[in-house]
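Have a look at the structure below before the remarks.
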Amino acid sequence: MADKIKVRICVGTSCFVMGSAQIQSLEFNAPDDIADKIEIVEERCMNLCKDIEHKYNRGPFVFVNNELIEQASYEKVVAKIREEIQKNN
Ligand code: FES
């Protein structure tokens, strides 16, 4: 079986208040087609929010495998996961 797609959600304060809580629901409420293909990891502040020049106000941050999603939302993360699944097929 293919490796699971790693979804790293920043749950540091800044990302949390910007909406990462909603993305965390992927853990128990992912769409059927992706639910068994992902591994969710919650991380403390990834320090991206401290990059004032490039990333300020660009949270919440989520990595899907090695790809960074800025201003992540549940929908954006699900779309990226589906893209990764396609790639692996
Ligand atoms: S709180 Fe998410 S990068 Fe800092």
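First listed ligand is number 1; within each ligand, the first listed atom is number 1.
In terms of hydrophobic clustering, with Ile, Leu, Val, Met, Phe, Trp and Tyr side chains grouped at heavy-atom distances under 4.5 Å, Ile69 and Ile34 are assigned to a common cluster. Under a hydrophobic clustering in which Ile, Leu, Val, Met, Phe, Trp and Tyr are joined whenever their side-chain heavy atoms come within less than 4.5 Å, directly or via other members, Ile40 and Val64 fall into the same cluster. Linking ILVMFWY side-chain heavy atoms closer than 4.5 Å, directly or via other members, places Val78 and Leu68 in two distinct hydrophobic clusters.
Counting heavy-atom neighbours within 6.0 Å of Tyr74 OH, excluding the residue itself, gives a total above 12.
At least one N, O or S atom of Cys15, from either the backbone or the side chain, sits less than 2.8 Å from atom 2 (Fe) of ligand 1.
Of all the atoms in ligand 1, the ones that sit under 4.0 Å from a non-hydrogen atom of Leu48 are 3 (S). Close approach to Gly12 involves these atoms of ligand 1, each under 4.0 Å from a residue heavy atom: 1 (S). Close approach of ligand 1 to Cys10 (heavy-atom distance below 4.0 Å) involves ligand atoms 1 (S), 2 (Fe), 3 (S). Within ligand 1, the atoms closer than 4.0 Å to a non-hydrogen atom of Ser14 are 1 (S), numbered from 1 in the order shown. The distance from ligand 1 to the heavy atoms of Asn47 drops below 4.0 Å at these ligand atoms: 3 (S).
Around atom 4 (Fe) of ligand 1, the angle linking Cys49 (SG) with Cys45 (SG) is 100°, rounded to 10 degrees.
We find that Lys87 and Glu67 are joined by a salt bridge, their nearest charged nitrogen and carboxylate oxygen being less than 4.0 Å apart.
Contact check for Val41 versus Val7: no side-chain heavy atoms found under the 4.5 Å cut-off.
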